[in-house]
Amino acid sequence: MSQRAIDFVNNWIDTNVDANKPADMAHHDRRPKQLAAKCAADAEAAGISVSEIKDGLGDLEICMITAIDRAALAKESKQA
């Protein structure tokens, strides 16, 4: 497991994921796939391979679904 890959993805999510609503995978929400592709490209540019990320975190698209859901929940909690 690569801690630098985990740290990179967590920092990337903090900087790049902002959601007003949870991921709607029943209706083929495109955001997780788009965010995963952007994160992977940014990681590659930083010298971190997608396989290194996968070893540390698993499927990047699933990580983005979780990140979107958490961001939406956090935003909803602040508004309540």
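Here, residue 1 is the first one in the sequence, and each next residue gets the next number. All of these numbers come straight from a predicted model, not from anything done at the bench.
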Closest non-hydrogen atoms of Asn20 and Ala72, given as atom of the first, atom of the second and distance, are C-CB, 4.0 Å

Hydrophobic cluster membership, with links at side-chain heavy-atom distances under 4.5 Å among I/L/V/M/F/W/Y: are Ile53 and Ile65 in one? no

Those residues that, when tested against His28, pass side-chain hydrogen bond (donor to acceptor under 3.5 Å, both in side chains) (two or more places apart): none

Option among Asp69, Ile68, Leu60 that satisfies the side-chain contact (heavy atoms from CB on, under 4.5 Å) test with Pro32: Ile68

When you check the gap from the basic side-chain N to the acidic O, do Asp24 and Arg31 get nearer than 4.0 Å? no

Residue of the set Ile6, Ile62, Thr66 for which side-chain contact (heavy atoms from CB on, under 4.5 Å) holds with Leu57: Ile6

I want to check something: taking the side chain as every heavy atom from C-beta on, are Met64 and Trp12 in contact at a cut-off of under 4.5 Å? yes

Looking at every non-hydrogen atom in both residues, tell me the closest pair between Val50 and Ala40 and how far apart they are. CG2-CB, 3.7 Å

Between CZ of Arg4 and CG of Asn11, what distance do you get to the nearest 0.5 Å? 13.5 Å

Using side chain to side chain contact (heavy atoms under 4.5 Å, CB included), reason through Cys39 and Asn16 one step at a time and then give a plain yes or no. CA-CA 9 Å; Cys39 181; Asn16 295 283; over 6 Å; no

Residues at least two apart in sequence or cross-chain that pass side-chain hydrogen bond (donor to acceptor under 3.5 Å, both in side chains) with Ser49, listed by chain then number, are Ser51

Pair Lys75, Asp18 - check side chain to side chain contact (heavy atoms under 4.5 Å, CB included), show working. CA-CA 9 Å; Lys75 193 170 273 191; Asp18 181 32; 2.8 Å; yes

Using modelled atom types only, decide if a donor and an acceptor are shared between the side chain of Glu52 and the backbone of Ser2 within a distance under 3.5 Å. no

Check whether more than 12 heavy atoms from other residues, nucleotides or ligands sit under 6.0 Å from atom CZ of Arg70, and answer yes or no. no

How long is the gap from CG on Leu73 to CD on Glu76, to the nearest 0.5 Å? 6.0 Å

